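On a predicted model such as this, the values are computed, not experimentally measured, just so you know. Order of the sequence lines sets the chain letters (A, B, ...), proteins ahead of strands, with each chain counted from 1.
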Amino acid sequence: MVTRARAVLKIPAIPVALSGAVKQALPIVLGYVPVGFAFGVLALKNGISPVNAVLMSVIVFAGSAQLIAVGLIGAGAAPLSVIATTFVVNLRHVLMAASLAPFLSSWRKRSLAWFGMQLTDETFAVHSVRFHRDERDRAETFGINAIAQLGWVGGSWLGVAASTVISDVRPLGLDYALPAMFIALVVAQVKDTTHVLVGLVAAVLSLTFLEVGVGQWNVILATVAGASLGTGVATWTRR
Amino acid sequence: MDQTLIFATIVGMALVTYIPRAVPLLALASRNLPPVVVRWLGYVPTAVLSAMLAPCLLLEDGAVNLGVDNLFLLAAIPTFLTAIFTRSFFGSVAMGMGLVALGRYLPIM
């Protein structure tokens, strides 16, 4: 009945995709607003202008890298070292993009290029669950990304606006938004015991690599090692 | 740093962030990858999220702290349970942030 009414009334597919996108993007937005808020506050406290702070959220759109960059800029680091650090911190997205690519073989280059603009840890986690369920609608995918980024930019803007009132983000627990989001995202990824093993090994290795002093490379190295171990175990047990 | 230099830094950050995100999509989407590579890529989400999460929870001022005085680690237990049993993204984030905020008001922390 509903489908027929829709066909008769010629309701375009976009609003339908949008309502699905809102539902799936909402958790990301609820995680992004507080972290973006913390970023906005910290950016201004480290001598970044309101325009530059919001601009960073629009064109960089990378939570942890932005927070690290703000600290570096505040500490007087050279622009090149800020850019180099950002590169290393965000290099993990190579692996995320590669793992989503096989699902998007029917997409045009232009769509892929745009999808890459908004590929963050959180949008990645949501899409990797969706794509595995065969939900690959382009309008819905871009809708989720756009709403997520709106939340990130909006949160940053709120933080910028409130930075004169807020002296410390810690009493509100805002600094735990990111870890809590990672917890929820990793739990959603676990499909079997091999995933649990991969997660534990990657966690331990990440810490170990940090302790031996590889700097920001820890995430990439631990991911490569963890995924390789998982592949080895899965290949061996299926034989 | 003056604001023009910060602006230039932000543009550079945008470039080095975009390239690693876009190149694998453009290069790999139209290719058929070997099954072992696809399987490997399937473990990437779990591995990368765990590798990012562990230092957030366990490091305090650069040193591993497994004690009960590590508020982030302590709050992670109910947050994990919330995520596992409710599968609610928002519920988990709210639980984690609420517990950390609460923990900071209690004198024991």
S.K.: Answer with side chain, backbone, both or neither: which region of B:L26 has an atom nearer than 4.5 Å to a non-hydrogen atom of chain A?
M.R.: both
S.K.: Under a 4.5 Å heavy-atom cutoff, which of B:S88, B:S92, B:P45, B:A63 has the most pairs with chain A?
M.R.: B:P45
S.K.: At a heavy-atom separation under 4.5 Å, does A:A84 approach chain B through its side chain, its backbone, both, or neither?
M.R.: neither
S.K.: Whether the side chain of A:Y176 engages the backbone of B:A76 through a donor-acceptor N/O pair (distance < 3.5 Å, no angle test) should be reported.
M.R.: yes
S.K.: Let me see the working for A:F87 and B:I19 under side chain to side chain contact (heavy atoms under 4.5 Å, CB included), right down to the final yes or no.
M.R.: CA-CA 9 Å; A:F87 180 66; B:I19 292 166; 5.8 Å; no
S.K.: To the nearest 0.5 Å, how far apart are CD1 in A:I73 and CD1 in B:I10?
M.R.: 6.0 Å
S.K.: Do you know which of B:G42, B:A8, B:G12 has the most heavy-atom pairs under 4.5 Å to chain A?
M.R.: B:G12
S.K.: On a heavy-atom basis, which atom in A:W114 and which in B:Y18 lie closest, and how many Å separate them?
M.R.: N-OH, 4.5 Å
S.K.: Taking A:L207, A:V198, A:L221, A:V88 one by one, which has the highest count of heavy-atom pairs under 4.5 Å against chain B?
M.R.: A:L207
S.K.: For B:Q3 versus A:S49, what's the shortest heavy-atom pair and its separation?
M.R.: OE1-N, 2.9 Å
S.K.: Mind ranking B:A51, B:A83, B:A22, B:A27 by heavy-atom pairs under 4.5 Å with chain A and telling me who comes out on top?
M.R.: B:A51
S.K.: Can you tell me if CG on B:N32 sees more than 12 non-hydrogen neighbours from other groups inside 6.0 Å?
M.R.: no
S.K.: Would A:L95 and B:V48 count as a side chain to side chain contact (heavy atoms under 4.5 Å, CB included) here? Give the steps.
M.R.: CA-CA 9 Å; A:L95 301 171; B:V48 73; 5.5 Å; no
S.K.: Mind checking what makes salt bridge (Lys or Arg N to Asp or Glu O under 4.0 Å) contact with B:R31, not counting sequence neighbours?
M.R.: none
S.K.: For B:L57, is it the side chain, the backbone, both, or neither that has a heavy atom closer than 4.5 Å to a heavy atom of chain A?
M.R.: side chain
S.K.: Parallel, tilted or perpendicular for A:H195 and B:Y43, by the 30°/60° rule?
M.R.: tilted
S.K.: Can you say whether B:A94 sits under 4.5 Å from chain A via the side chain, the backbone, both, or neither, judging by heavy atoms?
M.R.: neither
S.K.: Return the option, out of B:V36, B:V44, B:V100, B:T46, with the maximum number of heavy-atom pairs under 4.5 Å with chain A.
M.R.: B:T46
S.K.: Given that the side chain runs from C-beta out, which part of A:S106 has a heavy atom under 4.5 Å from chain B: side chain, backbone, both or neither?
M.R.: neither
S.K.: Give the minimum heavy-atom separation between B:L33 and A:P102, together with the two atoms involved.
M.R.: CD1-CG, 3.7 Å
S.K.: Does the A:N90 side chain pair with the main chain of B:P20, one donor and one acceptor, at a distance under 3.5 Å?
M.R.: no
S.K.: Got a second to check how far A:S128's OG is from B:L41's CG, nearest 0.5 Å?
M.R.: 11.5 Å
S.K.: Evaluate the side chain to side chain contact (heavy atoms under 4.5 Å, CB included) criterion for residues B:F85 and A:V187: first the C-alpha distance (whole Å), next the side-chain angles of each, then the deciding distance (0.1 Å), finally the verdict.
M.R.: CA-CA 10 Å; B:F85 291 110; A:V187 167; over 6 Å; no
S.K.: Mind ranking A:L112, A:V204, A:L26, A:L119 by heavy-atom pairs under 4.5 Å with chain B and telling me who comes out on top?
M.R.: A:L119
S.K.: Rounded to the nearest 0.5 Å, how far does CG of B:L25 lie from CE of A:M96?
M.R.: 12.0 Å
S.K.: When rounded to the nearest 0.5 angstrom, what is the spacing between OG in A:S206 and CG in B:L53?
M.R.: 9.5 Å
S.K.: Measure A:I28 against the heavy atoms of chain B and call it side chain, backbone, both or neither at under 4.5 Å.
M.R.: backbone
S.K.: NZ of A:K191: more than 12 outside heavy atoms within 6.0 angstrom?
M.R.: yes
S.K.: Is it true that, when you exclude B:R87 itself, more than 12 heavy atoms of the residues, nucleotides or ligands shown sit nearer than 6.0 Å to its CZ?
M.R.: yes
S.K.: Please give me the minimum heavy-atom distance between A:M56 and B:M13, naming the atom from each residue.
M.R.: SD-CE, 3.9 Å
S.K.: Within a 6.0 Å radius of atom CZ on B:F7, are there more than 12 heavy atoms belonging to other residues, nucleotides or ligands?
M.R.: no
S.K.: To the nearest 0.5 angstrom, please state how far the CG atom of A:L72 sits from the OG1 atom of B:T9.
M.R.: 10.5 Å
S.K.: So which part of B:F72 gets closer than 4.5 Å to some heavy atom of chain A, the side chain, the backbone, both or neither?
M.R.: both
S.K.: Is it the backbone or the side chain of A:L210 that comes under 4.5 Å from a heavy atom of chain B, or both, or neither?
M.R.: side chain
S.K.: Can you tell which of A:L200, A:T194, A:L100, A:V190 has the highest number of heavy-atom pairs within less than 4.5 Å of chain B?
M.R.: A:T194
S.K.: Counting only non-hydrogen atoms closer than 4.5 Å, does A:F103 touch chain B with its backbone (N, CA, C, O), its side chain (CB onward), both, or neither?
M.R.: neither
S.K.: Output, in order, the C-alpha distance, side-chain angles, deciding distance and verdict of side chain to side chain contact (heavy atoms under 4.5 Å, CB included) for B:M52 and A:R92.
M.R.: CA-CA 10 Å; B:M52 290 190 291; A:R92 63 176 186 276; 3.2 Å; yes
S.K.: With only heavy atoms counted, which part of B:R39 is less than 4.5 Å from chain A, the side chain, the backbone, both or neither?
M.R.: both
S.K.: How many angstroms lie between CG in B:L59 and CD in A:E211, if you round to the nearest 0.5 Å?
M.R.: 6.0 Å
S.K.: For the candidates A:A97, A:A78, A:G76, which exhibits the highest count of non-hydrogen atom pairs separated by less than 4.5 Å from chain B?
M.R.: A:A97
S.K.: How far apart are the closest heavy atoms of B:G96 and A:A180, and which atoms are they?
M.R.: CA-CB, 4.4 Å
S.K.: For chain B, which candidate among A:V219, A:N52, A:T85 shows the most heavy-atom pairs at distances under 4.5 Å?
M.R.: A:N52
S.K.: Report the option among A:G226, A:P34, A:A65, A:P79 that has the most heavy-atom pairs separated by less than 4.5 Å from atoms of chain B.
M.R.: A:P79
S.K.: Return the set of residues passing salt bridge (Lys or Arg N to Asp or Glu O under 4.0 Å) with A:R130 (not counting sequence neighbours), or none when no residue passes.
M.R.: A:E140
